[in-house]
Protein chains: 2
Amino acid sequence: MNASRSPVRQSSVRAHNLALVLQTVANSADRPSRAAISAATGLTRATVSALVDDLIAGRLLTELDPAPRTGAGRPAAGLALNPDGPGGLGLEINVDYLAACVVDLTGVVRHRFVTRADQRLLPAAAALADLGVLAARAREAAAADGIELAGAALAVPGLVTAGGLVPVAPNLGWQDVDVPALLDLGLPLTVDNEANLAAIGELRTDGGAPTFLYVSGEIGIGAGIVLNGELYRGGRGWSGEIGHVTVYPDGRPCRCGASGCLEQYAGQEAVAADPDLAAAALGIALSAVVNLLDLGVIVLGGGYAPEFDRLRDGIEAELRRRVLTAGLAPVTLRAATLGPDAAMRGAADVVITGVREDPARWLARAQAV
Amino acid sequence: MNASRSPVRQSSVRAHNLALVLQTVANSADRPSRAAISAATGLTRATVSALVDDLIAGRLLTELDPAPRTGAGRPAAGLALNPDGPGGLGLEINVDYLAACVVDLTGVVRHRFVTRADQRLLPAAAALADLGVLAARAREAAAADGIELAGAALAVPGLVTAGGLVPVAPNLGWQDVDVPALLDLGLPLTVDNEANLAAIGELRTDGGAPTFLYVSGEIGIGAGIVLNGELYRGGRGWSGEIGHVTVYPDGRPCRCGASGCLEQYAGQEAVAADPDLAAAALGIALSAVVNLLDLGVIVLGGGYAPEFDRLRDGIEAELRRRVLTAGLAPVTLRAATLGPDAAMRGAADVVITGVREDPARWLARAQAV
DNA sequence: AGGATTTGTTTATTGGTTGAATTATTTGAC
DNA sequence: GTCAAATAATTCAACCAATAAACAAATCCT
């Protein structure tokens, strides 16, 4: 119904095809030739050549030495994402540290800065000012490498609304913080929940499943829901609050006012106190998620990752028992591969994914400058 | 990442714009003129004229008498969806009846056939053969009105995989039924879960929220999840199994092998036996869904609709208590507006939505014939 | 009756893809 | 050592679809 509600699309065919070519290069293991791209996309070799010219001129692609190939014929020129093209600035603010990283277009982390300090002692404005300093340093480092930043994204451990407002971030002690107003980097800024961005980080590393749940166990418990390769943020951006899913209706009282929330049985302290209880509670809650969303993969991150071996059996037992379709297709449980950097990495990924998905906008901007 | 993985799009600009124009007409309360469509879409009047000509030639739009308007200027010709254009065949098989309906392009039910009979007594092949007879009758009735059917969709109370296979439909006693193989109507056939299609039916009636949960309480309990105007089917098409979400971990044993499933506390018998218990259990399970997916609207359908007034307070009490963001934005609970026909209507809607979203395909087909 | 106004069509132009022909660069055979 | 075959990439005329601007049609207002 509202699928193609977009204004119009006249000759933005080119924008689409630029993205198609760029993504084809990005998703290729080897360095594809123009002819290979033509075959993969269905576009004419002529068209691919023209598009590639634009992408090279805009510093998004580079031509490499002859790609390894056998047989007769003129050797192809290999194409790859330009590591000196536009990069992404990933930012994170958490209870006891600030962090920033620069990721280039190919997905490689080029610079990484961390400041350890308890952010709960500072007002939001001061914390964000400190983060601004860190961001400036990262930007200089990027500039020294010849990398221009296409934008920035910030991971926050709290609820985030569409405009980058944070109504509440309990563990930071924030309330109604207008992040974009307090953190002006002169770059497009995206603000999102920490678990959401960590999920995106995992999506990028895991070549496999495009549909999975990322569960982050810290003091609270958050989850990022990735459906068909895209993060689902919910109607108001407040999805993934798995920590307050009811596990034992008449159980322990929770600081949210309800009782029996998962957080009381599988939060950081609860895991330390009784891993078996935590695993069972997690298994019950995760079974509910799988029954609802039909997910095939669950990734345990944050504080759960180091405890994975101790939790696995208990969780899987509940999944086998409570997931209706467990007999038809198993649910895969795995630990997150990115460590504590997941959210920051995911944030940077959001920026470069933006460039990859709409190169035409970047080209227009780069040309205007 | 995989957003624009589509093969190519050369001059399928036209396909997109045809859809845009058609949807603009469909979503207009009044019968818009070509000029009004031009203003709404941003396309030129000339372009709109050309597109409208194609749509009229393909019997998707009709030109009406002058639309009511005031002021100077040449009077406009009103445009509207053609009620004699392609229609959709909606089918449903359930425990104690078979049903078929013909819905025209404007969304009006033109014909409706129901056969009451216990389907549990028949093997799947026989039940589908009976349904085929009903479908043929519906098709004749449509032809008598000058309506050609663009396709058919079937609602089944069970799990459905991508290819239309039904691995299991417990209440019908089906197992591994290949529906498309047993029901050849000579039309493109879509098979989907009953709750999913009912949710689509509600989406069409409710002009409002494009993100909601539809819960259908029959013997079992199913749910259709509509996110941003689109049904979410899950990785394997098995989403929405809310009936087996755990409510009381150590509670009543369920026929699925687990214990404490929602179905045991809010299934048809349980509602009749103790509405308050059912409401509390529903409230707990629905709170989990809202915490996970950040839904603003929940629609109670199927057997819940007539019991709505008796369930409402109990459910809302739990939602207020257990939904983390309840204080920030309320969750709206309402009864389904379509009755028992919801799934069948939704099925037919799927077909006509397909035509509305891709009119170019229909035009090509119509021209080829 | 005549100007104003709005609708819808016609015509030349432009952006972008296609397909065929052409050029470029290698391998392999005689 | 030269030539044919093969593959890669570019050039160029043709075509499709949208745009902008001019034009025709049909009404209202004075």
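Quick caveat, the model's predicted, so the values are computed rather than measured. The figures that follow rest on heavy atoms only: side chains count, while hydrogens, waters and symmetry mates do not. Chain letters run A, B, ... following the sequence lines, proteins first, then strands; residues in each count from 1.
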Identify all pairs in which a protein N or O lies below 3.5 Å from an N or O of nucleotides 22-27 of chain D, and state each distance.
| unit_1 | atom_1 | unit_2 | atom_2 | d |
| --- | --- | --- | --- | --- |
| D:dA26 | N3 | B:Arg74 | N | 3.2 |
| D:dT27 | O2 | B:Gly73 | N | 3.3 |

Is the closest basic N to carboxylate O distance between B:Glu148 and B:Arg365 below 4.0 Å? yes
Look at all strands and tell whether A:Ala35 reaches a base, only sugar-phosphate, or nothing, counting heavy atoms closer than 4.0 Å. sugar-phosphate
Nearest to the side chain of A:Arg34, which nucleotide is it out of C:dT7, D:dA9, C:dG19? D:dA9
Euclidean distance, atom CG of residue A:Asp53 to atom C1' of D:dA8 [Å, nearest integer]: 14 Å
A:Ala46 side-chain proximity, nearest of D:dA9, D:dA20, D:dT11: D:dT11
Checking all strands, does B:Thr47 fall into the base, sugar-phosphate, or nothing category for heavy-atom contacts under 4.0 angstrom? base
So, using salt bridge (charged side-chain N to carboxylate O under 4.0 Å, His left out) as the criterion, who are the partners of A:Asp145 when residues are at least two apart? A:Arg110
B:Gln23 backbone acceptor or donor facing B:Asn27 side chain under 3.5 Å: yes
Partners meeting salt bridge (charged side-chain N to carboxylate O under 4.0 Å, His left out) with A:Asp349 (sequence neighbours left out): none
Nearest-Å distance, CZ (B:Arg14) to P (D:dT19)? 11 Å
Look at all strands and tell whether A:Ser33 reaches a base, only sugar-phosphate, or nothing, counting heavy atoms closer than 4.0 Å. sugar-phosphate
I need the CD-C1' distance between A:Glu63 and D:dA9, as an integer number of Å. 10 Å
Given C:dG8, D:dT19, D:dA8, the nucleotide with the shortest approach to the side chain of A:Ala76: D:dA8
Nearest-Å distance for atom pair CG/P, residues A:Leu43 and D:dA9: 15 Å
With side chain to side chain contact (heavy atoms under 4.5 Å, CB included) as the criterion, how do B:Arg356 and B:Leu105 come out once you've worked through the C-alpha distance, each side chain's angles and the decisive distance to 0.1 Å? CA-CA 8 Å; B:Arg356 288 196 195 175; B:Leu105 193 58; 4.3 Å; yes
Output the rounded distance in Å from CG (B:Leu51) to C1' (C:dT9). 14 Å
So do B:Thr24 and B:Leu22 actually touch side chain to side chain, heavy atoms under 4.5 Å? no
Check whether any side-chain N or O of A:Arg139 sits under 3.5 Å from a backbone N or O of A:Leu185 as a donor-acceptor pair, and report yes or no. yes
Separation of D:dA8 atom C1' from A:Leu79 atom CG, nearest Å, is 12 Å
Rounding to an integer number of Å, can you tell me how far A:Arg31 CZ sits from D:dA8 P? 16 Å
Measure CG/B:Leu20 against P/D:dA17 and give the value in whole Å, please. 16 Å
Please determine if a side-chain N or O atom of A:Asn17 lies less than 4.0 Å away from the OP1 or OP2 oxygen of C:dG16. no
Presence of A:Ser49 side-chain N/O under 4.0 Å of D:dT10 phosphate oxygens OP1/OP2: yes
